[in-house]
Amino acid sequence: GAGVSQSPSNKVTEKGKDVELRCDPISGHTALYWYRQSLGQGLEFLIYFQGNSAPDKSGLPSDRFSAERTGGSVSTLTIQRTQQEDSAVYLCASSRMGGSAGVPNEQFFGPGTRLTVL
Amino acid sequence: AQKVTQAQTEISVVEKEDVTLDCVYETRDTTYYLFWYKQPPSGELVFLIRRNSFDEQNEISGRYSWNFQKSTSSFNFTITASQVVDSAVYFCALKGISGYSTLTFGKGTMLLVSP
């Protein structure tokens, strides 16, 4: 079956412009995650969606970042007024609902969107 | 608070050598889960293993093995007889049972295996 897909694969934008990054999770996965990977850094958690629950936005670095998930499937991460420090690879992951309370299932990652802000 | 430390930024080995990637974690949870992911040059993270804090048995999968030591809060990963295809960035990650809803990742160790 299809894995997690992300578009675009690469995005170059000018400082101050808004960008939208898209994630299509694996069908049937109720959990969706956005991470940011800067050069030489680990994965920085941004936001987490689980079913119809309110998203966990605790990782968003500023109010310029927002995300939504429509119909419990596709998600869009929006960065407004981009800055050069926003340049990074943005990774999306999805997973099934845990079988037992609290047991985290394996997260399946997409190929990422490489964002470059000039 | 949760924290994962991968002290080795980069490791270079020659094919067929054994190599161990270190991972040390911190968590206040008594129940937690540890993961290893591989990120090859293509960029897509690949899940390797998940262990829970109650299971300290070491695990072996082919050339891969994992050593979980609760006493030292470590979850090290060993590749036996390394191959060029093992070249990748390897991430260790942690999720506690409470609080934070997703994984905390270490900064990764880049493994370069030369022929």
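This one's a predicted model, so the numbers in the text were calculated from it and none came from an experiment. Proteins get letters first, then strands, A, B, ... in listed order; numbering begins at 1 in each. Computed over heavy atoms, backbone and side chain alike; hydrogens, waters and symmetry mates excluded.
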A:Y35 portion near chain B, given a 4.5 angstrom heavy-atom threshold: side chain
Test: A:R64 and A:D18 ion pair at under 4.0 Å: no
Chain B contact via A:Q37 - side chain, backbone, both or neither, heavy atoms under 4.5 Å: side chain
Carboxylate-amine/guanidinium contact B:R63 B:D86, below 4.0 Å: yes
Under 4.5 Å from any heavy atom of chain A - which part of B:Q6: neither
Parallel, tilted or perpendicular: ring planes of B:Y64 versus B:F77, cut at 30 and 60 degrees: perpendicular
Heavy-atom side-chain contact between A:S58 and A:D56 under 4.5 Å: yes
